[in-house]
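Here's the structure, in structure tokens; my notes come after.
A quick note: this is a predicted structure, and the numbers were derived from the prediction, not measured. The figures that follow rest on heavy atoms only: side chains count, while hydrogens, waters and symmetry mates do not. The chains referred to below are lettered A, B, ... by the order of the sequence lines, with proteins before strands, and numbering in each begins at 1.
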There are 2 protein chains.
Amino acid sequence: MKITALEEYGLRCLVAIAKSGEQGQLSISEIAEMEGLSIPYTSKLLSILGKAKLLDAVRGRSGGFSLARPAENINLMEITMALAGPLMDSNHCEKYTGLLDECVHLDNCSVYNVYSGLAGYVTEYLQSTTLADMIDESITGRLQRMKI
Amino acid sequence: MKITALEEYGLRCLVAIAKSGEQGQLSISEIAEMEGLSIPYTSKLLSILGKAKLLDAVRGRSGGFSLARPAENINLMEITMALAGPLMDSNHCEKYTGLLDECVHLDNCSVYNVYSGLAGYVTEYLQSTTLADMIDESITGRLQRMKI
DNA sequence: AATAATCTTTACAAAGTTGTAAAGTTTTAG
DNA sequence: CTAAAACTTTACAACTTTGTAAAGATTATT
């Protein structure tokens, strides 16, 4: 279980845009500059977030990206799903890669059960944290100790 | 954030050994057979778990693997650490891969804070679940709804 | 002592992820 | 209506993870 690069850097870009204010808009090159990322990579990150409808993209000369919804209304679970997908495939037990036709535990899989419980737990945490929470200076330092 | 293949299949092997009883011992080929995995792959998984001191390995003709400690005393956090390492590198903010010499958020990183909080949360869940819980038929089906 | 069963280590091909590069499309300013 | 600024798409090299393969080391049995 690892946090992926897309998740980390994609979230940074969202935070940067959220920090630019209610109707704030930033271009790829502005964000790349602010976050110290390359323009092509920033471009890829924002493109993913745009397709996931978390960002609105405006093309052309005065274009850029802005939040598709208010920061209070975008939670980390949506962001994580857009950038990395679910913790475990929903059809986990069918996607077994071993030698047999299907997993021997299909009927009662304790591994699936425990990871499924964990996934629910993680989801609770991520859903309860919004972009607005992340740019709120008064609580940002405490997020690491927060227990929802 | 994805559960890795090593985590999943490694945990399965541990559960299989735990199910074999208190002083139970299983060979690589037995476990491979039981779980429907190839012998080389099973071999790799068990080798990792042995190096992490979660399993004792006995070589030679009547050899095999057994739990290094009672199942009640091996929790999922240790297993996850052995098979996948931490959710986020401890020196996360130093390992930034962007264009600059160092991350622009080194002093106050909301992304780090929030993932750090999540990591603590996940750790709680994993530490509170043991191999013994996973082979206990009476609760295994309920693990997925358990909130610690 | 020889042998067979078993764990151990190293090497490697296939697949997926990360980050870069370049060419294409849209829009606004002048 | 042209050109510059900006988003979009596709391709690809480098790296990591996944799973396989083969040769080596250890021990119980005969």
Arg59(A) meets the side chain to side chain donor-acceptor pair (under 3.5 Å) criterion, sequence neighbours left out, with none
By side chain to side chain donor-acceptor pair (under 3.5 Å), Thr4(A) pairs with (sequence neighbours left out) Glu7(A)
The side chain to side chain donor-acceptor pair (under 3.5 Å) partners of Ser62(A) (sequence neighbours excluded) come to none
Between Cys13(B) and Thr42(B), the two heavy atoms sitting closest are SG-CG2, 4.4 Å
Each nucleotide of nucleotides 9-21 of chain C classed B (base within 4.0 Å of a protein heavy atom), S (only sugar-phosphate) or -, in 5' to 3' order, makes S--------SBBB
### Query
Judged by atom type as modelled, is there a donor-acceptor pair below 3.5 Å linking the side chain of Ser47(B) to the main-chain atoms of Ser43(B)?
no
**Message:** Heavy-atom count check: over 12 atoms from other residues, nucleotides or ligands less than 6.0 Å from Gln25(A) CD?
**Reply:** yes
Touch class at under 4.0 angstrom, heavy-atom based, for Gly63(B) against every strand present:
sugar-phosphate
Here the distance between atom C1' of dC7(C) and atom CD1 of Ile48(B), to the nearest Å, is 15 Å
So, are Glu78(B) and Lys53(B) salt-bridged, with charged N and O less than 4.0 Å apart? no
May I ask you to decide if Pro70(B)'s main-chain N or O and Asn73(B)'s side chain share a donor-acceptor pair within less than 3.5 Å? no
Which word best sums up how the rings of Tyr121(A) and Tyr125(B) line up, parallel for under 30°, tilted for 30 to 60°, or perpendicular for over 60°?
tilted
So, with a heavy-atom separation below 4.0 Å from DNA chain D, the residues of residues 11-34 of chain B are none
To the nearest angstrom, the CZ-P distance between Arg61(A) and dA3(D) comes to 13 Å
Q) Checking all strands, does Gly64(A) fall into the base, sugar-phosphate, or nothing category for heavy-atom contacts under 4.0 angstrom? A) sugar-phosphate
Does Lys19(B) reach the main-chain N or O of Ile135(B) with its side chain, forming a donor-acceptor pair under 3.5 Å? no
Protein N or O to nucleotides 14-16 of chain D N or O, pairs below 3.5 Å:
none

